[in-house]
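Heads up, the thing below is written out as structure tokens.
Positions are given from 1, in the same order as the sequence printed here.
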Amino acid sequence: IAVTHAGIVNKSWYLANGANMAYRKTKLPAQLYEEAGQYASGDDVFLINEFAKQYPDHIRYEKTTAVTTQSLSEFKAFLDQRMRWAGKNKLLIKGKMKNILLIPGLLNAWVILLLILCFFSIPWSIISLSITILLKYCMDISLHKSMHEAVPSATTSSYLFLSFLFYPFYLNGIAIASLVTKRHNWKGRTVA
């Protein structure tokens, strides 16, 4: 949410969530996004990027109109959803979107690599891991605060530190799984 907000406000990159997106039907691009038919997810992101090309000054982020959706209750459904979402990233990895997608992935992969190196008692790895974790925690806290500025009604996570520790494995695990998984279960059907 905070990254989406920052990108739209700065007109730097455009992310969207279809559950919380509105547009005028008359403004739909004549040549709609070609990519949407190739992926099980991403029509919202492809659409906002088409709008940004044609109407860059008309994209707004309105924090007063935030929409909440129900969380998935089953772990398998959660993983399927995340892998479906991540499946479009190979197409989005261009231009300014590349940094938004690569920086978190590389930073979290670096944390995992440093953890592995620590097990082999490589002297500089413990210091590097400590510095990286401190910097990452400061960035995560900053993003968490930004999210509350972007969506004031968002609840504070009491699991922030636990999620901070788990996130490197979650992010990179989902990224790798999305590259090898071609089919996802979604809304009672299998999509490729």
Side-chain angles (χ1 to χ4, degrees), residues 1-17 35 39-42 45 49 61 63 71-152 154-185:
I1 293 170
V3 171
T4 299
H5 178 247
I8 290 173
V9 167
N10 295 315
K11 295 183 170 106
S12 299
W13 58 84
Y14 297 92
L15 297 169
N17 182 322
E35 300 94 344
Y39 296 91
S41 175
V45 177
N49 279 283
Y61 182 94
K63 56 185 164 187
S71 300
L72 295 168
S73 57
E74 295 178 15
F75 187 66
K76 171 87 169 84
F78 173 80
L79 288 178
D80 278 341
Q81 180 189 59
R82 294 313 196 261
M83 287 189 293
R84 184 174 56 80
W85 288 352
K88 68 181 171 290
N89 289 346
K90 54 187 155 246
L91 183 66
L92 292 174
I93 206 151
K94 55 188 176 185
K96 293 178 181 178
M97 289 294 293
K98 179 171 41 180
N99 296 333
I100 299 307
L101 295 171
L102 282 178
I103 290 171
L106 292 174
L107 176 62
N108 285 288
W110 177 244
V111 169
I112 293 170
L113 176 64
L114 288 174
L115 275 171
I116 293 168
L117 294 176
C118 284
F119 283 112
F120 292 103
S121 299
I122 296 176
W124 58 267
S125 62
I126 294 172
I127 293 169
S128 294
L129 179 63
S130 301
I131 292 169
T132 302
I133 285 178
L134 178 64
L135 290 172
K136 183 180 175 318
Y137 192 70
C138 290
M139 286 187 291
D140 286 359
I141 291 294
S142 175
L143 273 174
H144 192 69
K145 287 179 181 175
S146 295
M147 183 191 69
H148 285 281
E149 290 172 16
V151 183
T155 57
T156 303
S157 173
S158 55
Y159 299 103
L160 183 61
F161 186 73
L162 185 61
S163 66
F164 163 77
L165 295 175
F166 180 69
Y167 197 73
F169 304 98
Y170 159 76
L171 180 76
N172 288 293
I174 292 295
I176 292 167
S178 75
L179 294 173
V180 297
T181 303
K182 301 297 177 207
R183 297 190 175 280
H184 309 282
N185 291 319

Are any of the side-chain heavy atoms of Trp124 and Leu114 separated by less than 4.5 Å?
-> yes
List the atom of Cys118, the atom of Leu129, and the distance in Å for their closest heavy-atom pair.
-> SG-CD2, 3.7 Å
Between Tyr167 and Tyr170, how do the two ring planes meet: parallel, tilted or perpendicular, split at 30° and 60°?
-> tilted
Inter-residue atom distance Leu113.CG - Leu106.CG, 0.5 Å rounding | 11.5 Å
How long is the span from the OG atom in Ser125 to the CZ atom in Phe120, to the nearest 0.5 Å?
-> 10.5 Å
In Å, rounded to the nearest 0.5 Å, how long is the span from CG of Asn172 to CG of Asn108?
-> 6.0 Å
For residues Pro104 and Leu171, report the shortest heavy-atom separation together with the two atoms involved.
-> O-CD2, 3.5 Å
Only one of Val111, Ile112, Ile174 passes side chain to side chain contact (heavy atoms under 4.5 Å, CB included) with Phe169, and that residue is Ile112
If you look at every heavy atom in Ser178 and Met83, which pair is closest and at what distance?
-> CB-O, 3.6 Å
For a side chain to side chain contact (heavy atoms under 4.5 Å, CB included) with Leu135, tell me which candidate from Ile131, Ile133, Thr132 qualifies.
-> Ile131
